[in-house]
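Working notes for the structure below.
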Amino acid sequence: MQADVIVVGGGHAGCEAAYAAARLGAKVAMFTLRRDRIAHMSCNPAIGGVAKGHVVREIDALGGLMARAIDATGIQFRRLNASRGPAVRSSRAQADSSRYRQFVREEIESCTNITIVEDEVLALLVENGRLVGVRGASVGSVFAGAVILTTGTFLSGKCFVGDETFEGGRVGDAAAKGLSTSLREIGLTLGRFKTGTTPRLDTASIHWDALEPQSGDIPRPCFSFDPVRNDLPQIQCFLTYTNEKTDAIVRENLDRSPLYRGIIEGTGPRYCPSLEDKVVRFADRKRHQIFLEPEGLDTERVYPNGISTSLPKDVQDRFLHSIVGLEDVRILEYGYAVEYDYAPPTQLLPSLMTKVLPGLFLAGQINGTSGYEEAAGQGLMAGLNAVRWMAGDSPAILGRHEAYIGVLIDDLVTKGVDEPYRLFTSRAEYRLILRESNAEERLWRHAMAWGLLPEDRIARASMRDTARVELKDRLSMQRADPAMLARLGLTGRMVPGSTLESLLRRPEITLGHLFDGIDDEIALVVEESVKYAGYIEREAREIVRMSELDNYRLPDALDYLAMNGLSNEVRSKLLAVQPITLGQASRIPGVTPTSLALLRVLAHRVVSRETSEGIPELKECST
């Protein structure tokens, strides 16, 4: 079998990788252990959240699948941090997990450039130091110019429930056992991470009347910039809490937890800790929140968000029955932990291609991340860059000032990870520029230039962009007369002849006060840009200041170990990351401003020796 690109894995990263590569005209072979588990939600049945919602909107602006899938199959939509500033406002939606999976699978199956291969990949095929494909357990050798690994938690995956241990990437699915050996053979270093999931509960056994309801927002916030039909009933989620009795049961049984007995070796996620971790690390807290989230409209399964655990089954029974509303709950599936191999991402270029083997790309949890959204964003960029690499084009790189996807990937390849990585708005230096609302405005021209958008989508994005520009011009040119000031209650506070833009800067004035019939999405982007113009301009000036470092490309073969004046720690970190630009070097933990200045001088000297033309001017970086 011959393909252009092979994608290994059918999760959220794999689907976006295959879909991006296929949209660019590549013939894609997508390997998955089970066709019916494509885009499966292994953990919580939700998409979005703080910073994650930004990524989903960016995926949509780049032509990806995730936003349309959740808009079509969501059963509760909420706007988070609505009372706070626009930099941290994000959308989140509960999914009907079965319908979500079906939507994505149908999109993948209907794409003529994608062939789904239901098989396990055992090894990479390398000939004379060049990647030529993969070897499947059943189909044998499949050849391609590029391979994208999106293996999730399946690389040498092992599951834990109390004393029970079994191989698997998740309950009900086998582990990928052979590929780790192949990756080590080509020179990749692997580590072990751990994640976990909650028990699944029977909805009929829950005392819903005793719980606090959580309703969705009306009107519903959407992720896609194009309208997506969704006629599904919208549901409530419910809130309950652990209590001191719950904590006591957990504490009494810590010696039976595989996490605290040392059976699990991998590092777990700091920002999504297990119930055992919460009880130990936050011993002063008397209770912990649990959101009861139905997994769909046609299933009895409920996901209790907040109580991931790998305690023995009898202990899970006991602590669940101690919680208000769950006194008689029936467990359909017990919680468990998963330990798996990952590849520390400093072994990657910013294109997500490995440094040790050209043509091999990694995306998703294999890079040490957590979350569907982070995986999907990486998958899209890996699929795009695999095709560009085969065509001999420069890689497509999003800067930290351009997208949260850019922040995510730069953090991974520059700073590395020592625990499962989760994206937050606090990780972005330019949060007001990277608002969730303006993702299309920021990215649609990139997507068009890279070939990710069809003509009809380009036309709609262009129309929306024109409407935003025209509305901004109208605000700056149109002036308020005394009658308008009186209507708005601004007589004596604003002088007649003030521009509508100056009126809109007042916190109590919205675009709805000034104009009728403005599209809500366009109004939101423009209103935020006007009200926060001063802060946005400050961030823009900082971006210009920092661009000098990011535009200075370091020579390809710097001998960091031979650089006198740099500390051993800095030299070893530079050697591990091999930064492409001075800007990337500046973001490596431990590289001080003094080290950076010395690195710049030493890099100048290397280039000067190579060119014999003296100290060169700053070179524009094409990557």
Side-chain angles (χ1 to χ4, degrees), residues 187-189 343-358 360-362 367 381 385 388-389 392-403 406-417 427-430 539-623:
L188 278 178
T189 298
T346 51
Q347 301 173 100
L348 302 175
L349 297 168
S351 63
L352 297 179
M353 187 169 73
T354 62
K355 297 170 183 176
V356 298
L357 185 60
L360 177 63
F361 294 78
L362 310 183
N367 290 338
M381 296 306 295
N385 278 316
R388 292 180 68 83
W389 179 79
D393 296 329
S394 61
I397 307 297
L398 291 170
R400 298 180 70 89
H401 63 288
E402 294 176 307
V407 173
L408 162 67
I409 293 175
D410 186 67
D411 277 353
L412 294 175
V413 304
T414 302
K415 300 176 182 179
V417 295
R427 296 190 189 272
E429 300 91 334
Y430 312 114
E539 287 188 359
R541 288 194 297 271
E542 179 65 14
I543 290 168
V544 171
R545 190 182 73 81
M546 292 299 295
S547 65
E548 179 186 355
L549 295 178
D550 279 314
N551 286 337
Y552 183 77
R553 180 166 185 141
L554 294 170
D556 292 332
L558 284 177
D559 185 358
Y560 293 111
L561 294 180
M563 287 187 172
N564 295 324
L566 296 176
S567 70
N568 289 334
E569 177 191 6
V570 169
R571 283 187 287 182
S572 65
K573 288 184 175 181
L574 289 169
L575 183 64
V577 175
Q578 299 176 35
I580 293 175
T581 68
L582 206 60
Q584 187 183 3
S586 73
R587 295 186 289 273
I588 299 174
V591 175
T592 64
T594 302
S595 301
L596 198 66
L598 181 56
L599 175 61
R600 183 169 188 164
V601 170
L602 295 172
H604 273 323
R605 289 177 181 173
V606 169
V607 175
S608 299
R609 286 197 300 269
E610 291 177 351
T611 62
S612 301
E613 294 176 359
I615 301 298
E617 296 295 324
L618 294 181
K619 294 191 293 184
E620 199 70 25
C621 176
S622 63
T623 61

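Not measured: the values here are computed from a predicted model.
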Gap separating the [atom1] atom of [X] from the [atom2] atom of [Y], nearest 0.5 angstrom:
X      : Y      : atom1 : atom2 : value
Arg400 : Leu408 : CZ    : CG    : 10.0 Å
Asp410 : Asp550 : CG    : CG    : 7.5 Å
Ser567 : Leu598 : OG    : CG    : 10.0 Å
Leu561 : Leu575 : CG    : CG    : 5.0 Å
Gln578 : Thr414 : CD    : OG1   : 12.0 Å
Ile580 : Leu554 : CD1   : CG    : 9.5 Å

[X] vs [Y] side-chain heavy atoms within contact, under 4.5 Å:
X      : Y      : value
Ile409 : Leu398 : no
Asn385 : Leu352 : no
Leu596 : Leu549 : yes

Option from Pro358, Ser394, Pro395 for which side-chain contact (heavy atoms from CB on, under 4.5 Å) with Trp389 holds | Pro358
What residue among Val413, Leu362, Val417 forms side-chain contact (heavy atoms from CB on, under 4.5 Å) with Asn367?
-> Leu362
Does the pair Leu599 and Tyr560 meet the rule for a side-chain contact (heavy atoms from CB on, under 4.5 Å), with working shown?
-> CA-CA 9 Å; Leu599 175 61; Tyr560 293 111; 3.9 Å; yes
Closest approach of [X] to [Y] (non-hydrogen atoms, all atoms of both residues):
X      : Y      : value
Leu566 : Ser595 : CD2-O, 3.7 Å
Glu402 : Ile397 : OE1-O, 4.0 Å
Gln347 : Gly187 : OE1-O, 4.2 Å
His401 : Ile543 : CB-CD1, 3.4 Å
Pro345 : Leu412 : CG-O, 3.3 Å

So Leu558 and Met563, side-chain contact (heavy atoms from CB on, under 4.5 Å) or not? Walk me through it.
-> CA-CA 9 Å; Leu558 284 177; Met563 287 187 172; 3.8 Å; yes
Just checking, is any N or O donor in the side chain of Asn568 or Arg571 under 3.5 Å from an acceptor N or O on the other one?
-> yes
Glu539: what forms a side chain to side chain donor-acceptor pair (under 3.5 Å) with it, not counting sequence neighbours?
-> none
Salt bridge flag under 4.0 Å for residues Arg587 and Asp411 | no
Main-chain N/O of Val591 paired with Lys573 side-chain donor or acceptor, under 3.5 Å | no
